[in-house]
2 protein chains.
Amino acid sequence: MITIPYPKGHKIKVRNKIVESAAQAFRASGIQDVSVPFIMKGAGLTHGGFYAHFDNKEQLVAEACRYAISDTIALLRKVADQEKQNPKINTVIDYYLSPYHRDNTEMGCIIPALSGEISRCSEEVRQVFTSELERMVSFISTLAEVDTSKGSALFSTMVGSLVLARSVNHSELSDNLLSAGKKYAKELAMT
Amino acid sequence: MITIPYPKGHKIKVRNKIVESAAQAFRASGIQDVSVPFIMKGAGLTHGGFYAHFDNKEQLVAEACRYAISDTIALLRKVADQEKQNPKINTVIDYYLSPYHRDNTEMGCIIPALSGEISRCSEEVRQVFTSELERMVSFISTLAEVDTSKGSALFSTMVGSLVLARSVNHSELSDNLLSAGKKYAKELAMT
DNA sequence: TATAATATATTATGATCATCATATTATAAA
DNA sequence: TTTATAATATGATGATCATAATATATTATA
């Protein structure tokens with residue numbers, strides 16, 4: 001006789017909450033700066049239960065990356081679908097390089113947020129990152145109606161502009177970095 | 001009577017060695033992942049002496065960033081001056097987006113290496129980063145003979161391409177990201 | 001060679017981390 | 001209501017960190 005305490009699907013829901021908490025914290029503060037206790041607190045739990053859900057922190061990093069990028073692609077798709085007149089890619093570029101996206105790292109695209117750190121992660125994490133990045137480039141290329149070569153250069157410009165705009169300590173310079181990125185990303189998409 | 005133990009300028013030399021060790025380690029492994037003891041070992045010292053040279057780790061981060069970016073600009077200047085025929089900017093783009101630069105993070109440009117992490121550093125570090133980035137954009141713009149708006153978009157493309165090329169776990173995709181970045185960065189510089 | 005001042009090493013402190021062992025709580029079914 | 005057990009919490013472990021206090025080593029000059 002098998003008894004099932006706690007409602008059906010309870011553990012999966014909690015697990016998802018942990019992944020969401022981690023995805024937000026990693027984007028806000030990087031991977032190394034965020035502790036397991038902090039992530040668990042963000043999910044409304046204490047640190048001890050973590051290892052009932054994940055083998056180790058690295059596994060959570062991989063899941064959080066997958067979750068965050070999928071989420072961002074879905075959001076950008078929604079942003080693109082809202083606009084009917086302009087080239088849709090322009091709407092996406094405008095959103096990606098908006099002050100709002102720059103200033104709300106914890107809710108935004110995880111690629112510029114973690115960027116440099118990913119190259120130092122485990123193979124498992126990099127594998128997830130690679131396949132999700134391919135999906136992102138594919139999405140951008142399709143939307144801009146360009147081949148994936150131009151699409152990847154376009155996305156590189158978007159990522160680079162956002163990263164630089166976030167790193168400087170001078171709001172006017174930061175705005176200019178965003179504006180320049182927007183202008184030339186759109187040019188690239190059109191030619 | 002003032003006696004001067006240790007050769008004149010000894011401490012400054014040691015201090016510079018610490019900065020160099022830090023600049024290399026930070027580029028290779030990020031800021032948070034690199035400990036003060038590790039940096040001191042890299043300079044041939046033990047950790048205790050650190051606070052005779054710096055108030056805290058953050059101060060070293062600022063100095064290491066300044067050192068690394070200046071060093072990179074000087075290197076790119078040398079790379080540009082070697083080539084007499086092609087547009088010099090193309091030589092710099094080719095170097096910046098070469099597999100060599102991608103694969104030797106610890107010797108390369110610190111901007112893509114730390115990228116996301118800088119936005120979470122102290123004001124002091126971000127101030128250094130801001131002024132050094134301005135110098136970099138100015139250098140690139142002058143070399144490409146474009147205004148700083150286009151120059152910053154150009155550098156953003158270079159940084160973004162390198163960051164993405166380093167983060168993926170698939171060498172062909174990584175090479176393609178570099179190639180696409182090179183192609184469209186050069187196009188941007190020429191139009 | 002002895003000395004005085006400086007540079008570096010050794011050791012200590014208190015905090016935080018990932019991870020694990022064990023205790024407690026919550027709840028579906030009997 | 002009781003019971004069995006899954007889910008979570010508490011507390012512990014050993015490692016590593018930034019930083020500081022103190023001890024030792026180094027060397028230019030007297």
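For clarity, every value in this text was computed on a predicted model and none was experimentally measured. Lettering follows sequence order; numbering is per chain, from 1.
Counting non-hydrogen atoms under 4.0 angstrom, Thr46(B) reaches a base of the nucleic acid.
Atom CZ of Phe54(A) is separated from atom C1' of dT8(D) by 15 Å (rounded to the nearest Å). Atom NE2 of His53(B) is separated from atom C1' of dA20(D) by 16 Å (rounded to the nearest Å). To the nearest angstrom, P of dA18(D) lies 11 Å from CG of Asp33(B). What separates CD of Gln32(B) from C1' of dT16(D) is a distance of 12 Å, to the nearest Å. Rounded to an integer number of Å, the gap from CG of Asp55(A) to P of dA18(C) is 16 Å. Computed from coordinates, the Glu58(B) CD to dC17(D) P distance equals 17 Å when rounded to whole Å. To the nearest angstrom, P of dA9(D) lies 13 Å from NZ of Lys11(A). For the pair Lys13(A) NZ and dA6(D) C1', the interatomic distance rounds to 16 Å; values are reported in whole Å.
The main-chain N or O of Glu58(A) is never found under 3.5 Å from a side-chain atom of Glu124(A) such that the two would form a donor-acceptor pair. The backbone N or O of Phe26(A) sits nowhere less than 3.5 Å from a side-chain atom of Ser29(A) that would complete a donor-acceptor pair.
For the side chain to side chain donor-acceptor pair (under 3.5 Å) condition, the pairs that include at least one residue of residues 181-191 of chain A, sequence neighbours left out, are Asp94(A)-Lys186(A).
When both pairing distances are held under 3.5 Å, dA28(C) makes a Watson-Crick or G-U pair with dT3(D). Both distances falling under 3.5 Å, in either a Watson-Crick or a G-U wobble arrangement, place dT16(D) opposite dA15(C).
When the side-chain hydrogen bond (donor to acceptor under 3.5 Å, both in side chains) test is applied to Glu123(B), the partners found at least two apart in sequence or on another chain are Asn169(A).
Separating the CG atom in Asn56(A) from the CZ atom in Phe50(A) is a distance of 7.0 Å, to the nearest 0.5 Å.
Of the two residues contacting DNA chain C, namely Met40(B) and Gly49(A), the nearest-nucleotide position lying further toward the 5' end is that of Met40(B). Both His47(A) and Ala52(A) lie near DNA chain D, and the one whose nearest nucleotide falls closer to the 5' end is Ala52(A).
Taking only side-chain atoms of His10(A), from C-beta outward, the nucleotide of dT19(C), dA7(D), dA9(D) with the closest atom is dA7(D). Checking dT8(C), dT19(C), dA18(D) against every side-chain atom of Asn56(A), the shortest atom distance belongs to dT19(C).
Using a 4.0 Å cut-off, some side-chain N or O of Ser35(B) falls inside it from OP1 or OP2 of dC17(D). Of the side-chain N and O atoms in Tyr51(A), one or more sit less than 4.0 angstrom from OP1 or OP2 of dT19(C).
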